[in-house]
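Here the structure is a predicted model, which means the values were calculated and not measured.
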Amino acid sequence: MKRILVDSGEYGTRIGVVEDGLLAELVYERKNSMPIVGNIYMGKVVNVLPGMQAAFVDIGEDKNAFLYYGDNKDEKGNIIKPKNGSEILVQVEKAGVGKKGSVLTRKISFPGKFIVIIPNDNKIGISKKITDQNERQRIKDVVRGELPESYGVIIRTDGEGKSEETYKKEIERLVKRSEDIMKRAGYAKAPALLYTDANGVAKVVRDFFHSDIDEIVANSEDDYEELLKLCREIGEDESKIRLHNDGTPLFGAYYVEGQAKAAFNKQVWLKSGGFIIIEQTEACVVIDVNTGKYTGKVNLEKTILKTNLEAADEIAHQLRLRNLNGMIIVDFIDMKSEQDRQTLRKRLEEAVSKDSLQTIVVGMTQLGLMQLTRKKKRESLMHLMTKPCPCCGGTGRISIAEKSDKGNELS
């Protein structure tokens with residue numbers, strides 16, 4: 001049983017994807033701080049760094065955003081360098097973290113439920129998860145016949161099996177949106193927000209409502225009505241939408257409130273008695289695997305392999321649940337057998353393959369650390385919902401009180 005919970009409250013919305021009772025993904029959207037990834041701005045260049053082929057751009061946020069322009073070339077292959085004070089159309093590719101501002105791109109795109117439209121392009125790309133070659137060719141033929149000139153498109157996984165009429169409607173809707181934004185860009189004065197990407201229930205339908213979802217449950221009548229409306233627009237099954245209005249907390253009613261709170265814990269226990277420790281830094285995510293209470297029944301090597309395999313499954317789950325992204329380093333328990341190391345890697349690759357975001361298992365370093373990368377699409381739960389402690393400076397630790405020569409404690 002797979003369901004989506006849309007829990008609207010006083011301070012924002014929680015979106016939970018629940019798979020057989022397990023909270024697999026969790027998204028927080030605060031009312032006073034909505035996600036900006038996908039937003040389109042008319043920005044103003046404030047500083048160009050030729051040595052880095054980059055520029056800082058004012059988009060109206062607290063911190064200037066970062067734009068790499070090295071891949072922006074003219075017909076002759078020459079890099080087009082922006083000028084200080086110039087106004088440029090940009091889209092947020094990655095959200096800012098810590099002291100770093102957002103990362104921008106000049107390649108504008110408009111995502112829909114089944115496709116992504118790209119203005120000033122002419123390529124047709126198809127999700128790798130659509131593997132049937134006849135279906136891939138059918139989709140290309142359909143899209144090529146409906147797509148206007150100077151537009152490229154990427155077919156999302158949900159586009160598999162969709163009719164020509166469905167593609168036609170979504171292409172028309174997204175092309176109109178693109179044309180409206182381009183017109184606004186012609187007279188907007190930087191910095192200006194031109195387009196806000198889907199949030200709330202629109203995000204639910206676009207990014208989470210796949211064919212294998214059995215139901216969507218919302219605790220707000222407004223969200224419920226909006227979900228029905230969005231389903232009608234794209235031809236999804238309205239009977240899967242339910243309203244939870246019996247007065248009980250939504251996450252509690254489906255027994256996932258405890259799982260949502262545990263998503264902020266550093267230590268995660270494994271069923272065998274082992275555990276993992278998750279540490280998030282500005283540069284990367286570090287995960288340590290330990291046998292803990294598990295001592296095994298046969299020998300040390302089998303104990304270690306069992307713990308590592310169980311940890312691989314849990315790590316894949318935690319990456320989705322906490323939205324951990326970027327560079328991820330896992331310190332599995334050392335294994336002497338090359339066969340065991342290959343078994344572990346294969347298990348990890350299978351576990352992360354269920355993730356909707358691209359996650360790549362790079363492999364072991366010479367020091368025996370497993371490397372992964374996960375595409376960054378939104379902020380992690382920790383960065384979104386917590387802030388550094390004013391007492392410990394963000395370390396999570398406080399100093400032990402020292403004693404003076406007189407025996408008095410110093411704080």
Does the [X] side chain pair with the main chain of [Y], one donor and one acceptor, at a distance under 3.5 Å?
X: Q91; Y: T105; answer: no
X: T166; Y: K162; answer: no
X: N72; Y: G70; answer: no
X: K240; Y: I213; answer: yes
X: R374; Y: I328; answer: no
X: D121; Y: K123; answer: yes
X: T359; Y: L357; answer: yes
X: R136; Y: I130; answer: yes
X: S86; Y: P82; answer: no
X: S178; Y: L174; answer: no

Requested in this report: Could you walk me through whether L194 and L89 pass side chain to side chain contact (heavy atoms under 4.5 Å, CB included), step by step?
Outcome: CA-CA 9 Å; L194 303 179; L89 189 66; 3.4 Å; yes
More than 12 heavy atoms of other groups within 6.0 Å of [X] [atom1]:
X: E221; atom1: CD; value: no
X: K346; atom1: NZ; value: no
X: Q358; atom1: CD; value: no
X: K203; atom1: NZ; value: yes
X: F264; atom1: CZ; value: yes

Heavy-atom distance under 4.5 Å between the side chains of [X] and [Y], does that happen here?
X: E25; Y: L321; value: no
X: I287; Y: D331; value: no
X: E225; Y: K229; value: no
X: N64; Y: V57; value: no
X: P50; Y: Y69; value: yes
X: W269; Y: E314; value: no
X: V330; Y: L369; value: no
X: Y224; Y: V201; value: no

When rounded to the nearest 0.5 angstrom, what is the spacing between [atom1] in [X] and [atom2] in [Y]?
X: S380; Y: Y28; atom1: OG; atom2: OH; value: 12.5 Å
X: I126; Y: T131; atom1: CD1; atom2: OG1; value: 11.5 Å
X: E160; Y: D132; atom1: CD; atom2: CG; value: 7.0 Å
X: N265; Y: R322; atom1: CG; atom2: CZ; value: 6.5 Å
X: T343; Y: L309; atom1: OG1; atom2: CG; value: 7.0 Å
X: I40; Y: S109; atom1: CD1; atom2: OG; value: 7.0 Å

To check you understand the geometry: which heavy-atom pair defines the closest contact between [X] and [Y], and what is its length?
X: V289; Y: I333; value: O-CG1, 3.5 Å
X: V205; Y: L227; value: CG2-CD2, 3.7 Å
X: C231; Y: E238; value: CB-CG, 4.0 Å
X: V92; Y: S102; value: CG1-CB, 4.0 Å
X: G43; Y: I59; value: CA-CG2, 4.4 Å
X: A312; Y: L344; value: CB-CD1, 4.0 Å

**Report entry** Single hit among L250, V18, D7 for side chain to side chain contact (heavy atoms under 4.5 Å, CB included) with V256
**Finding:**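 Testing each of L250, V18, D7 against V256, the sole residue satisfying side chain to side chain contact (heavy atoms under 4.5 Å, CB included) is V18.
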Any salt bridge between [X] and [Y], counting N to O under 4.0 Å?
X: E338; Y: R341; value: yes
X: R144; Y: D141; value: yes
X: R345; Y: E349; value: yes
X: D340; Y: K306; value: no
X: R3; Y: E215; value: yes
X: K2; Y: D214; value: no
X: E310; Y: K271; value: no
X: K113; Y: D158; value: yes
X: E170; Y: R173; value: yes
X: K336; Y: E301; value: no
X: D313; Y: R347; value: yes
X: D180; Y: R184; value: no

Query raised in the report: Stepwise, does the side chain to side chain contact (heavy atoms under 4.5 Å, CB included) test hold for V48 with K81?
Result: CA-CA 8 Å; V48 178; K81 183 177 72 172; 3.9 Å; yes
Report task. Evaluate the criterion salt bridge (charged side-chain N to carboxylate O under 4.0 Å, His left out) for residue pair R320 and E19; output intermediate values, then yes/no. Result -> CA-CA 12 Å; R320 291 178 65 195; E19 300 175 352; 3.2 Å; yes
Report yes or no: do [X] and [Y] form a side-chain donor-acceptor pair below 3.5 Å?
X: S8; Y: S220; answer: no
X: Q137; Y: Q133; answer: no
X: N39; Y: D197; answer: no

Requested in this report: Would you sort out whether Y195 and F110 count as a ring pair (Phe, Tyr, Trp, His ring centres under 6.0 Å), showing the intermediate values?
Outcome: CA-CA 10 Å; Y195 167 76; F110 295 90; 5.6 Å; yes
Query raised in the report: Are V116 and R156 close enough, and set up right, to give a side chain to side chain contact (heavy atoms under 4.5 Å, CB included), and what steps lead you there?
Result: CA-CA 7 Å; V116 179; R156 306 184 73 178; 4.0 Å; yes
Requested in this report: State whether F251 and R14 meet the cation-pi test: NZ (Lys) or CZ (Arg) under 6.0 Å from the six-membered ring centroid, and within 45° of the perpendicular axis.
Outcome: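 R14 over F251 ring: yes.
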Requested in this report: Decide side chain to side chain contact (heavy atoms under 4.5 Å, CB included) for V285 and I329; before the verdict, give the C-alpha distance in whole Å, the side-chain angles of both, and the deciding distance to 0.1 Å.
Outcome: CA-CA 6 Å; V285 176; I329 305 296; over 6 Å; no
